[in-house]
Protein chains: 2
Amino acid sequence: MRERVTIRELARLSGVSVGTVSRALNGYSDVSPETRERIMQLARALEYTPTAAARMLVTQRSHVIGVFLETGEGHPDLQHPFFHEVLVGIKHCLGERGFDLLLFASEQPGNGFGPHSYEKRCRHHNVDGAVLMGVDPEDEETRRLVRSTLPCVGVDVALHGPSTGYVISDNRTGILAAMRHLHELGHRRIAHVTGLVETRPGAERLRAYRDALRELGLGYRDEYVAYGDFYVESGRAAAARLLALDEPPTAIVAASDLMVLGVLRAAAEAGVSVPGDLSVVGFDDIQLAGHLHPPLTTVRQDKAGLGRAAGEALVACIEGADAPAVTTLPVELIVRESTAPPPAGG
Amino acid sequence: MRERVTIRELARLSGVSVGTVSRALNGYSDVSPETRERIMQLARALEYTPTAAARMLVTQRSHVIGVFLETGEGHPDLQHPFFHEVLVGIKHCLGERGFDLLLFASEQPGNGFGPHSYEKRCRHHNVDGAVLMGVDPEDEETRRLVRSTLPCVGVDVALHGPSTGYVISDNRTGILAAMRHLHELGHRRIAHVTGLVETRPGAERLRAYRDALRELGLGYRDEYVAYGDFYVESGRAAAARLLALDEPPTAIVAASDLMVLGVLRAAAEAGVSVPGDLSVVGFDDIQLAGHLHPPLTTVRQDKAGLGRAAGEALVACIEGADAPAVTTLPVELIVRESTAPPPAGG
DNA sequence: TCACGTTCCGAAAACGGTTTTGGAAACCGG
DNA sequence: CCGGTTTCCAAAACCGTTTTCGGAACGTGA
């Protein structure tokens, strides 16, 4: 293979010093136009590519953002379409600004003693910042990372630290809108299938459900909240239980679209029709939501927007701004066909 | 912030030379057990983390795999759930083996003249290998990369080069199985909604459709192949046209599950019921396929398996094996409820 | 002519590791 | 007691950049 062409090589070939080559290539002013041009010609001809490692070593900047995408036990979070779409947003935003993404994957360190904790891994690769998804904010590892000065931003996880922030959707407003929509349609017995309540969105959605009940003058019933984990199966189980109640709900708001798939399944199995007998509204508006049968009424999160916001917060912080604030993104209730007035006898 | 603790610092504090520290940490033999232990204690205490850049500079290895995930115009490929699941597989496989993933995102290079082409970007970051998804194999950029000695593997894209291979599903067998299934049910008028035929899977699936027709003794009709692009909307348009034919098909096999969502939509709009009037089978078996209404008959690709296979081929190649061969993964027809015998009058 | 700016560039010191070379001490058999 | 091995470690070179410092050459105004 062709040998790596270094800056030294360029210097030799163009008869100047390496320092000059470096300055020429980096657009410094103190090099004559002719010399610069000559060097750049040569660089192009030889397809010179600077070595990131070398530069990183001296500049202490990598132009790389670390991404932690933790895989919960059972179902890797990575598999939830939500995170996928967020990642798209991150990639775009950061890509435009000249960053690449390092997706941390290695479990045992490369060589015996290597990187371990979040913080170590970041230091090891010298990332300029990090975005965390699906991590546990209470975890000691996490806390150590956000306690450091490395710019961090969490998505859907409340992180606090000197240069740390997070982005999240306006879950409360979303659930409130869903509830009001249902209420307006005439529903009075509205149940909630929660997400993982240990997570921020899961908790916020649940609280909002309760608050909405109060606001609408509906009583809270313990039996009307069924605990899920954002994924399909849990939605099915939850709905099965709900529908078997003596006085089943006429509407269900679920904390994720995936779970309403489960709800739909349970409904079909129980012989109740949606939206005829049961209205359901989801959360997320995943790509497929509009193409399901029936098309889902759901509250749309701007998933790519969350990613972009995370990216922007990060670069702002990297470029010297203060700690990235917490930014909450608006959501939107998308009314489709999975909601309707309750059945007459309801 | 605490200053970075370097190997030199460790050397000073433990009263040995830097070379010794390095050897101790890396498990070389020529350092006494006591000295080694002392050094490692210290390293742990100070939370020493080696700098990847420095090591990379001398060893020429990064323990990082580059990932190209190209975003087609219109709908970013990244958004197709397929790639998402593949990525999961890659991450797992490579993570277990101590690699991290560099997701190339940067559009303009970090600093004016920096990395550009695939090859340059790889050289720049010194990745140990690369996996390519959604790229155009005919593209000059791509060809340059695979022509180099860098271990590469494509997924769903046929790449050829000195140390390049690709992984792909057994599309032919999958389509054949789908067609036979339909034929056994009694269908004789079977249409195909293609994927992007410029892509390998799109082309293979189409060819297999034709071959299956021949094998089953069914004539090929031009009007029965409708061209799509793997995404929902194209499936809808295609099905709309198909269903409006004088002699519409009684069954449709689509090149992706996403497109059958479109097909279902079109069917609903045209008032034809699935599977009563029309059977449909998809491809991929995306997570949601089993939860749709009706649950989809589809040929399942082992998406995570593709990712793992890609990862394994890569490390094999990195560790000195010959060019990664092309590995094709088996698929499986999952019969659910979107297929049934054709209507009596059909 | 002299002092003084500019403009352009070379030399060299980092950055934080790994690896090679060589040497001192300890150990060995004879 | 001596030549030859081992065992353990120090010194230094090197990886490919950036950046600081200073110097040469060249005006330029007095």
Side-chain angles (χ1 to χ4, degrees), chain A residues 2-40 43 46-63 109-115 120 123-126, chain B residues 2-40 43 46-63 109-115 120 123-126:
Chain A
R2 232 171 50 261
E3 282 309 307
R4 173 175 263 300
V5 22
T6 77
I7 206 173
R8 231 173 289 278
E9 184 80 353
L10 286 189
R12 195 171 59 74
L13 259 32
S14 56
V16 300
S17 76
V18 300
T20 302
V21 175
S22 174
R23 282 183 309 245
L25 259 21
N26 287 318
Y28 278 59
S29 60
D30 57 350
V31 43
S32 76
E34 308 86 63
T35 308
R36 178 194 311 279
E37 190 49 34
R38 187 157 43 92
I39 294 178
M40 299 202 58
L46 268 48
E47 292 187 307
Y48 165 73
T49 309
T51 298
R55 170 181 313 187
M56 188 167 23
L57 206 50
V58 29
T59 62
Q60 300 293 10
R61 290 208 46 186
S62 61
H63 276 278
N111 62 347
F113 70 99
K120 276 192 142 192
R123 277 216 307 260
H124 179 94
H125 282 99
N126 241 277
Chain B
R2 230 170 52 263
E3 282 308 307
R4 172 174 266 298
V5 22
T6 77
I7 207 174
R8 241 170 279 276
E9 183 79 355
L10 286 188
R12 196 172 59 73
L13 260 32
S14 55
V16 299
S17 75
V18 300
T20 302
V21 175
S22 174
R23 283 183 311 246
L25 260 20
N26 287 317
Y28 278 60
S29 58
D30 57 348
V31 43
S32 76
E34 307 85 62
T35 308
R36 178 193 310 278
E37 190 49 33
R38 186 156 44 90
I39 293 178
M40 300 203 56
L46 267 49
E47 292 186 308
Y48 166 73
T49 309
T51 298
R55 171 182 311 188
M56 189 166 23
L57 208 50
V58 30
T59 62
Q60 300 292 12
R61 290 209 44 186
S62 61
H63 276 278
N111 61 346
F113 71 100
K120 277 192 141 190
R123 277 217 306 261
H124 183 197
H125 281 101
N126 241 277

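Every heavy atom of this structure was used, including side-chain atoms; hydrogens, water molecules and symmetry mates were not. Here is how names work: the chains are called A, B, and so on, in the same order as the sequence lines, proteins then strands, and each is numbered from 1. This structure is a prediction, so every number in the text was calculated from the model and none was measured.
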Nearest heavy-atom pair of [X] and [Y]: which atoms, and what distance?
X: A:Lys120; Y: B:Glu47; answer: CE-O, 4.1 Å
X: A:Tyr48; Y: A:Ile7; answer: CE1-N, 3.8 Å
X: A:Met56; Y: B:Ala53; answer: CE-CB, 3.7 Å
X: A:Ala24; Y: A:Val31; answer: CA-CG1, 4.0 Å
X: A:Gly27; Y: A:Arg36; answer: CA-NH1, 3.4 Å

Original post:
Which residues within residues 8-17 of chain A lie with some heavy atom under 4.0 Å of an atom in DNA chain D?
Top reply: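 Within this stretch, A:Arg8 sit under 4.0 Å of the strand.
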
Could you state the [atom1]-[atom2] distance from [X] to [N], rounded to the nearest angstrom?
X: A:Ile39; N: C:dG10; atom1: CD1; atom2: C1'; value: 12 Å
X: A:His124; N: C:dG16; atom1: NE2; atom2: C1'; value: 12 Å
X: B:Leu25; N: C:dT19; atom1: CG; atom2: P; value: 13 Å
X: B:His63; N: C:dT18; atom1: NE2; atom2: C1'; value: 14 Å
X: B:Arg55; N: D:dC14; atom1: CZ; atom2: C1'; value: 16 Å
X: A:Ile7; N: C:dG10; atom1: CD1; atom2: C1'; value: 14 Å
X: B:Tyr48; N: C:dG16; atom1: OH; atom2: C1'; value: 7 Å
X: A:Met56; N: C:dA14; atom1: CE; atom2: C1'; value: 16 Å

Original post:
Does a nitrogen or oxygen in the side chain of A:Gln60 sit under 4.0 Å from OP1 or OP2 of C:dG16?
Top reply: yes

Subject >> B:Ser32 side chain near D:dC9 phosphate (N/O to OP1/OP2, under 4.0 Å) >> reply: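 So the side-chain polar atoms of B:Ser32 do come within 4.0 Å of the phosphate oxygens OP1 or OP2 of D:dC9, strictly under.
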
Listed by chain and number, what are the salt bridge (charged side-chain N to carboxylate O under 4.0 Å, His left out) partners of [X], not counting sequence neighbours?
X: A:Arg12; answer: A:Glu9
X: B:Arg23; answer: B:Asp30
X: B:Arg61; answer: B:Asp128

**OP:** Would you indicate whether the side-chain heavy atoms of A:Asn126 and A:Gln60 approach each other to under 4.5 Å?
**Re:**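 They are in contact (side-chain heavy atoms under 4.5 Å apart), so the answer is yes.
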
Subject >> Heavy-atom side-chain proximity of A:Leu25 to A:Met40 below 4.5 angstrom >> reply: yes

I'd like a table of atom pairs between the protein and nucleotides 19-21 of chain D - only N or O on both sides, under 3.5 Å - with the distance next to each one.
from   : atom 1 : to      : atom 2 : distance (Å)
D:dT19 : OP2    : A:Tyr28 : OH     : 2.7
D:dT20 : O4     : A:Arg23 : NH1    : 3.2

Subject >> 5′-ward residue of the pair B:Ala54/B:Arg38 relative to DNA chain D >> reply: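 The 5'-side residue here is B:Arg38.
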
Subject >> Nearest-nucleotide comparison on DNA chain D, the residue closer to the 5′ end among B:Leu57 and B:Val31 >> reply: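 Its nearest nucleotide being more 5', the pick is B:Val31.
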
Original post:
Should A:Thr6 and A:Val18 be marked as a side-chain contact (heavy atoms from CB on, under 4.5 Å) after you check the CA-CA gap, both sets of side-chain angles, and the distance that decides it?
Top reply: CA-CA 10 Å; A:Thr6 77; A:Val18 300; over 6 Å; no

Original post:
To the nearest 10 degrees, how far apart in direction are the end axes of the helix from C:dT1-D:dA30 to C:dG30-D:dC1, each fit to five base pairs?
Top reply: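 Rounded value for the end-axis angle: 50°.
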
Original post:
Roughly how far apart are A:Arg8 CZ and A:Ser22 OG, rounded to 0.5 Å?
Top reply: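 Result: 11.5 Å between the selected atoms.
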
